[in-house]
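In this text, all values refer to a predicted model and were calculated from it rather than measured experimentally.
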Amino acid sequence: MTAPRSSGPALAVVGATGAVGSVLLQILSQRADVWGDIRLIASPRSAGRVLAVRGEETEVIALTEDAFDGFGKGDIVLFLTPAEVSARWAPVVTARGAVVVDQSAAFREDPEVPLVVPEVNGHAVRIRPRGIVAGPDCVTAAMIATLGALHAEYGLADLAVSSYQAASAAGRAGSEVLRRQLSLVAGSTLGEQTGDVRRAVGEDTGPFAAPLALNVVPWSGELREGGWSSHELAVRAETRRILGLESLPIAVTCVQVPVVTGHSLTVRARFEREVDAGHAREILEAAPGVVLVDDPEAGEFPTPADAAGTDPAWVGRVRGSLDDSRSLEFFVCADNLRKGAALNATQISELIAGEFA
């Protein structure tokens with residue numbers, strides 16, 4: 001553990017050695033330094049590893065109650081962990097007076113825990129009865145800044161989205177299984193006959209319901225009533241909460257695609273009044289956290305390969321619906337590890353830190 005570097009609040013990162021944790025440590029080195037002690041915490045099997053934080057070598061310590069010694073009011077503990085870990089340890093942190101920023105699904109539906117994307121509802125971080133602030137799912141985070149900007153102008157009335165989700169959303173296991181599968185099918189003629197990809201991949205589907213190489217998989221999450229997946233219902237519920245539209249009609253289809261990093265979505269949004277596509281582009285171009293790339297004639301539109309490693313949501317293919325003057329259709333993509341998780345959590349933490357400056 002390193003000595004404090006400034007008089008700012010202390011920050012602990014729980015899950016520092018995971019895929020999102022690795023990205024978050026990079027982000028901390030790229031943004032303004034508002035932190036004092038930065039403490040890295042992970043499971044006991046990762047304890048003892050040494051990671052660089054702002055050019056300083058910092059030892060990872062095991063997740064125990066002692067890991068939070070010295071943390072109290074004005075300090076922040078950021079959880080990049082599975083929901084069951086966050087649910088177990090967040091109350092331990094808040095009992096000491098520190099604030100929890102949680103990136104898991106553990107508290108996203110709790111009415112006493114604000115669900116925040118700073119570009120859309122950053123003000124919500126100030127009201128946290130349980131001392132916890134949650135960040136949304138990475139799919140919701142990828143599209144919500146665009147929707148928030150358009151909703152402020154036109155009033156969102158109905159939403160239909162399909163996601164095209166990167167393998168890395170399932171952590172390192174997701175990325176690794178995709179790369180293994182790609183190595184098995186590379187240079188082959190697989191994908192032309194039914195079952196040939198499945199035979200080549202075998203049972204090595206990892207966290208996915210079917211082979212991902214040379215394929216798309218229309219499923220993410222666990223089965224819920226009516227044939228919906230838990231992930232689809234989560235995106236629906238989170239979008240409603242963040243926009244403050246609790247009865248907004250939303251249809252979601254989640255699809256896994258053979259992309260390592262970068263979630264993409266097709267969006268059809270219907271508004272309360274007529275939408276001018278040109279004006280909508282101006283709104284999106286000015287929206288915080290959004291980059292407009294929209295010149296199909298020149299072959300310019302966003303792709304996840306462009307968004308990977310960057311902070312904003314990239315939006316393009318903006319066009320008015322052919323059948324409804326109140327509807328707008330567009331394509332948006334964002335790095336699911338950065339804006340989808342690590343960056344959003346960092347931005348929330350910085351807003352809270354500002355309260356104690």
Running the 4.5 Å side-chain criterion over Ile, Leu, Val, Met, Phe, Trp and Tyr, what cluster does Val293 land in, apart from itself? Val291, Trp314
Thr266 versus Arg317, side-chain donor and acceptor atoms under 3.5 Å: no
How would you list, by chain and number, every residue that makes a ring-ring contact (aromatic ring centres under 6.0 Å, His included) with Phe107, sequence neighbours excluded? none
Pairing residues for Glu232 by the salt bridge (charged side-chain N to carboxylate O under 4.0 Å, His left out) criterion, not counting sequence neighbours: none
Scan for side chain to side chain donor-acceptor pair (under 3.5 Å) pairs involving residues 185-194, sequence neighbours excluded, and state none if there are none. none
Going from CZ on Arg319 to CD on Glu329, what distance comes out if it is rounded to the nearest 0.5 angstrom? 5.0 Å
Residues sharing Trp228's hydrophobic cluster, by side-chain heavy-atom contacts under 4.5 Å among ILVMFWY, directly or via others? Leu233
Those residues at least two apart in sequence (or on a different chain) that pass salt bridge (charged side-chain N to carboxylate O under 4.0 Å, His left out) with Asp311 are Arg338
Side-chain donor-acceptor pair present, Asp324, Ser327, cut-off under 3.5 Å: yes
In Å and rounded to the nearest 0.5 Å, what is the CD1 to OG1 distance from Ile41 to Thr17? 11.5 Å
Among all residues two or more places apart in sequence or in another chain, which pass the side chain to side chain contact (heavy atoms under 4.5 Å, CB included) test with Cys138? Ala169, His263, Asn336
Taking side chain to side chain donor-acceptor pair (under 3.5 Å) as the cut-off, I'd like each qualifying pair that reaches into residues 124-134, sequence neighbours left out, listed once. Asp110-Arg130, Arg128-Glu355
Let me check something: do Leu150 and Val139 share a hydrophobic cluster, defined by ILVMFWY side-chain heavy atoms less than 4.5 Å apart, either directly or through other members? yes
Can you list every pair that meets side chain to side chain donor-acceptor pair (under 3.5 Å) and has a residue in residues 70-85, with sequence neighbours left out? Thr81-Ser86
Hphob cluster co-occupancy, Leu40 + Leu80, side-chain heavy atoms under 4.5 angstrom: yes
Arg39 CZ to Phe68 CZ distance, which is reported to the nearest 0.5 Å: 9.0 Å
Looking just at side-chain N and O atoms, do Glu238 and Thr140 make a donor-acceptor pair shorter than 3.5 Å? yes
Is Thr346 close to Leu24 at the side-chain level, that is, under 4.5 Å between some pair of heavy atoms? yes
Does a side chain donor of either Glu56 or Thr58 reach within less than 3.5 Å of an acceptor in the other side chain? no
Quick one: list whatever passes side chain to side chain donor-acceptor pair (under 3.5 Å) with Arg31, sequence neighbours left out. Glu350
Would a single hydrophobic cluster contain both Val99 and Leu115, if residues Ile, Leu, Val, Met, Phe, Trp and Tyr are joined by side-chain heavy-atom contacts under 4.5 Å? no
Full working for side-chain hydrogen bond (donor to acceptor under 3.5 Å, both in side chains) between Arg198 and Thr205: CA-CA 9 Å; Arg198 286 185 183 271; Thr205 59; over 6 Å; no
Mind checking whether Val257 and Val255 have side chains closer than 4.5 Å, heavy atoms only? yes
Test salt bridge (Lys or Arg N to Asp or Glu O under 4.0 Å) on Glu119 and Lys339; report intermediate values, then the result. CA-CA 11 Å; Glu119 294 89 344; Lys339 185 51 187 170; 2.9 Å; yes
Going by the salt bridge (charged side-chain N to carboxylate O under 4.0 Å, His left out) test, which pairs reach into residues 96-106, not counting sequence neighbours? Asp69-Arg96
Please report, to 0.1 Å, the donor-acceptor pairs under 3.5 Å made by any side chain of residues 276-286, with sequence neighbours excluded.
from: Asp276; atom 1: OD2; to: Gly278; atom 2: N; distance (Å): 3.2
from: Asp276; atom 1: OD2; to: His279; atom 2: N; distance (Å): 2.7
from: His279; atom 1: ND1; to: Glu282; atom 2: OE1; distance (Å): 3.4
from: His279; atom 1: NE2; to: Glu153; atom 2: OE2; distance (Å): 3.2
from: Arg281; atom 1: NE; to: Asp294; atom 2: OD2; distance (Å): 2.8
from: Arg281; atom 1: NH2; to: Val318; atom 2: O; distance (Å): 2.6

